[in-house]
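All values below come from the heavy atoms of this structure, side chains included, with hydrogens, waters and symmetry mates left out.
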Amino acid sequence: TAGGSSGGSAAAVASGMVPVATGGDGGGSIRIPASCCGLFGMKPTRARVPTGPDFGEIWHGAVVEHVITRSVRDSAAILDATAGADLGAPYVAPAPERPFLSEMGRSPGKLRIAFTSAPWLGGTVHPDCAAALQDAVRLLEELGHEVTEASPVFDGRGFAQAFVTMICAELRGDIEDAESLLGRRGRRADFETATWALGLLGRALPASQFSRAIRHLQRTARAIAPFFERYDVLVTPTVATPPFPTGALQPAPAERMLLEILGCLRAGTLMRHMCLLERTAAKVFEFIPWTPVINATGQPAMSVPLFWNAEGLPIGTHYIGRFGGEGMLYRLAAQLEAARPWFGRMAPLATVRSGE
């Protein structure tokens, strides 16, 4: 897999078709494909890039638009070109100290860096991803940074359920907006099976459950913020497994059949009582146990391509900074890029057998 979403953008950059491509990161969808394709991906601070004129905010501020690139320089230059408030925005990110591109020539200094491989939302971490983190820790120590194993503490299980609840409700809103624009009701055939099912769940959710989910995400952000008074950066693996075959996260045949039957019946309430929401969350977050949390906190974070496993597959390392702190992350990324250049390294091409 090229990772997702924004996997097409990452594949286009990784293959050399284009030098940069856009991505929208609502749960990791710049950082995850960057990791899977051996690229650099920065998720800026919440509200750094305009979302107007059609949206005040997307997914209650979780989504931030930016680009996937091969170099740190290109990412910084494009953020300089696109960052800023737009008319009617509900809030604005803190102003940067200087242009992001100018951070390329500045030293990050000696940073207080925490690291953890403990999954916040999932249950297991592949040894290759743990090895990628340890490799990054050694490099950071060699560069003179103070590195300590530590992690913020919060309710991961509650966060996962709240995050998926929010996504289901927002997806239902997207579907109903599309119905209004098209002048017709959405049909099951218009959507992939899992998307249709999540939309039905979104329609069946009580408003109070959606409100409580948003409050839980906000409380999680409040719980994590004090951690970054003690540390400048937190480092984790970007994803919990190396890139896997495309489609591996799709429902199993029996699950797909059940979803199709329930979808035909428009049985969103029944799906909710069958705990399909919790099961969906558990499967997805096994792959991405870190990235969605930082969408809820609004902090900047980046995936840096420093490690390839024995199969030649890229595995990114995830660096999380303070709110409004892209400049410091760009300085650190430039230092890492100079110490371990990756620009000319290409991810391997997948072999597709006849009939696949």
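For the pair Pro243 and Thr1, the tightest heavy-atom approach, listed with the atom from each and the gap, is CB-O, 3.8 Å. What you find for Cys129 and Pro237 is that their closest heavy atoms are O-CG, 3.7 Å. In terms of heavy atoms, Ala339 sits closest to Leu139 at CB-CD1, 4.1 Å. Taking both residues in full, the closest heavy atoms of Gly186 and Trp196 are given as O-CH2, 3.7 Å, listed atom of the first, atom of the second, then distance. When all heavy atoms of Gly24 and Ser5 are compared, the pair lying nearest together is O-OG, 4.3 Å. Among all heavy-atom pairs drawn from Pro108 and His145, the shortest one is CG-CE1, 4.1 Å.
Taken to the nearest 0.5 Å, the CE atom of Met302 stands 9.5 Å off from the OG atom of Ser75. From Ser180, atom OG reaches atom CD1 of Ile175 across 14.0 Å, with rounding to the nearest 0.5 Å. We find the CH2-CD distance between Trp59 and Glu170 to be 8.0 Å, quoted to the nearest 0.5 Å. Taken from OG in Ser9 to CD1 in Ile30, the straight-line distance is 9.0 Å, to the nearest 0.5 Å. Note: Arg322 CZ to Leu329 CG = 10.5 Å, rounded to the nearest 0.5 Å. Residue Thr69 holds its OG1 atom at 7.5 Å from CG of Leu39, rounded to the nearest 0.5 Å.
You'll find the side chain of Pro314 stays beyond 4.5 Å of the side chain of Pro305, heavy atoms only. Leu121 has its side chain out of reach of Ile288: every pair of non-hydrogen atoms, C-beta onward, lies at least 4.5 Å apart. Residues Leu140 and Leu332 form a side-chain contact, since some pair of their non-hydrogen atoms from C-beta on lies under 4.5 Å apart. At a threshold of 4.5 Å between non-hydrogen side-chain atoms, the residues Ile68 and Phe40 do not count as touching. Contact check for Val72 versus Trp342: side-chain heavy atoms found under the 4.5 Å cut-off. Looking only at side-chain heavy atoms (C-beta outward), Thr195 and Leu171 come within less than 4.5 Å of each other. Counting only heavy atoms from C-beta outward, the side chains of Val293 and Ile224 approach each other to under 4.5 Å. Annotation: side chain of Pro242 is in contact with side chain of His126 (closest heavy-atom distance under 4.5 Å).
Hydrophobic clustering of Ile, Leu, Val, Met, Phe, Trp and Tyr side chains at less than 4.5 Å, counting indirect connections, keeps Val20 apart from Met42. Under the 4.5 Å side-chain heavy-atom criterion for grouping Ile, Leu, Val, Met, Phe, Trp and Tyr, Ile32 is connected to Ile167 within one hydrophobic cluster. With hydrophobic clusters built from ILVMFWY side chains whose heavy atoms lie under 4.5 angstrom apart, Val137 shares a cluster with Leu336. Leu234 and Phe307 fall into different hydrophobic clusters, defined by Ile, Leu, Val, Met, Phe, Trp and Tyr side-chain heavy atoms under 4.5 Å apart, directly or through other members. Note on Ile214 and Ile294: same hydrophobic cluster, where clusters join Ile, Leu, Val, Met, Phe, Trp and Tyr whose side-chain heavy atoms are under 4.5 Å apart, directly or indirectly.
The number of heavy-atom neighbours closer than 6.0 Å to CZ of Arg212, taken from other residues, nucleotides and ligands shown, is 12 or below. For Glu97, the CD atom is loosely surrounded, since the number of other residues' heavy atoms within 6.0 Å does not exceed 12. Surrounding CG of Leu181 are more than 12 heavy atoms belonging to other residues, nucleotides or ligands, all under 6.0 Å away. Within 6.0 Å of CZ in Arg215 there are 12 or fewer heavy atoms belonging to other residues, nucleotides or ligands. Crowding of Arg230 atom CZ: a count of heavy atoms from other residues, nucleotides or ligands under 6.0 Å exceeding 12.
Between Trp120 and Phe154, the ring center distance clears the sub-6.0 Å criterion. Under the 6.0 Å cut-off for aromatic ring centres, His60 and Phe210 qualify, their centroids lying closer than that.
The only option from Arg331, Gln299, Arg48 that meets the side chain to side chain donor-acceptor pair (under 3.5 Å) definition with Glu326 turns out to be Arg48.
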For this session: Assess whether salt bridge (charged side-chain N to carboxylate O under 4.0 Å, His left out) is satisfied between Arg184 and Glu179, documenting all intermediate values.
Result: CA-CA 5 Å; Arg184 69 172 179 84; Glu179 289 176 333; over 6 Å; no
Problem set entry | Residues Val63, Thr51; criterion side chain to side chain contact (heavy atoms under 4.5 Å, CB included); working and verdict | CA-CA 9 Å; Val63 175; Thr51 56; over 6 Å; no
For this session: Kindly determine whether Phe287 and Phe244 satisfy ring pair (Phe, Tyr, Trp, His ring centres under 6.0 Å), including the steps that lead there.
Result: CA-CA 10 Å; Phe287 179 46; Phe244 45 70; 4.7 Å; yes
Problem set entry | Verdict with reasoning, Arg46 to Thr297, per side chain to side chain contact (heavy atoms under 4.5 Å, CB included) | CA-CA 8 Å; Arg46 174 179 294 158; Thr297 67; over 6 Å; no
For this session: Would you check, one step at a time, whether the test side chain to side chain contact (heavy atoms under 4.5 Å, CB included) holds for Thr148 with Phe115?
Result: CA-CA 6 Å; Thr148 307; Phe115 73 92; 5.8 Å; no
Exercise. Stepwise, does the side-chain hydrogen bond (donor to acceptor under 3.5 Å, both in side chains) test hold for Glu337 with Ser71?
Worked result: CA-CA 8 Å; Glu337 187 178 31; Ser71 72; 5.1 Å; no
For this session: Would you check, one step at a time, whether the test side chain to side chain contact (heavy atoms under 4.5 Å, CB included) holds for Leu101 with Tyr330?
Result: CA-CA 8 Å; Leu101 188 58; Tyr330 275 128; over 6 Å; no
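When atom types are taken as modelled, the side chain of Ser102 and the backbone of Pro99 share a donor-acceptor pair closer than 3.5 angstrom. For Tyr319 (side chain) and Ala333 (main-chain N/O), no donor-acceptor pair under 3.5 Å exists by modelled atom type. A donor-acceptor distance shorter than 3.5 angstrom exists from the side chain of Thr116 to the backbone of Ala118, with no hydrogens or angles considered. A donor-acceptor distance shorter than 3.5 angstrom exists from the side chain of Ser15 to the backbone of Ala11, with no hydrogens or angles considered. A side-chain donor-acceptor contact under 3.5 Å links Arg31 to the backbone of Thr291. With Asp190 contributing its side chain and Arg187 its backbone, the two residues share a donor-acceptor pair below 3.5 Å. Although no hydrogens or angles enter the test, the distance criterion places no donor-acceptor pair under 3.5 Å between the side chain of Asp232 and the main chain of Ile113. Side chain of Arg70 to main chain of Ala14: a donor-acceptor pair is present (N/O by atom type, distance under 3.5 Å, no hydrogens or angles). When atom types are taken as modelled, the side chain of Thr317 and the backbone of Ala136 share no donor-acceptor pair closer than 3.5 angstrom. Put simply, the side chain of Ser211 never gets that close to the backbone of Ser208: no donor and acceptor are under 3.5 Å apart.
Under 4.0 Å is where a charged nitrogen must lie from a carboxylate oxygen, and between Arg340 and Asp135 at least one such pair does. A salt bridge links Arg172 with Glu176: the distance from a Lys NZ or Arg NE/NH1/NH2 to an Asp or Glu carboxylate oxygen falls below 4.0 Å.
A donor and an acceptor atom, one from each side chain of His318 and Thr236, are located under 3.5 Å apart.
Geometrically, Arg345 engages Trp308 in a cation-pi contact defined by less than 6.0 Å to the ring centre and at most 45° from the axis.
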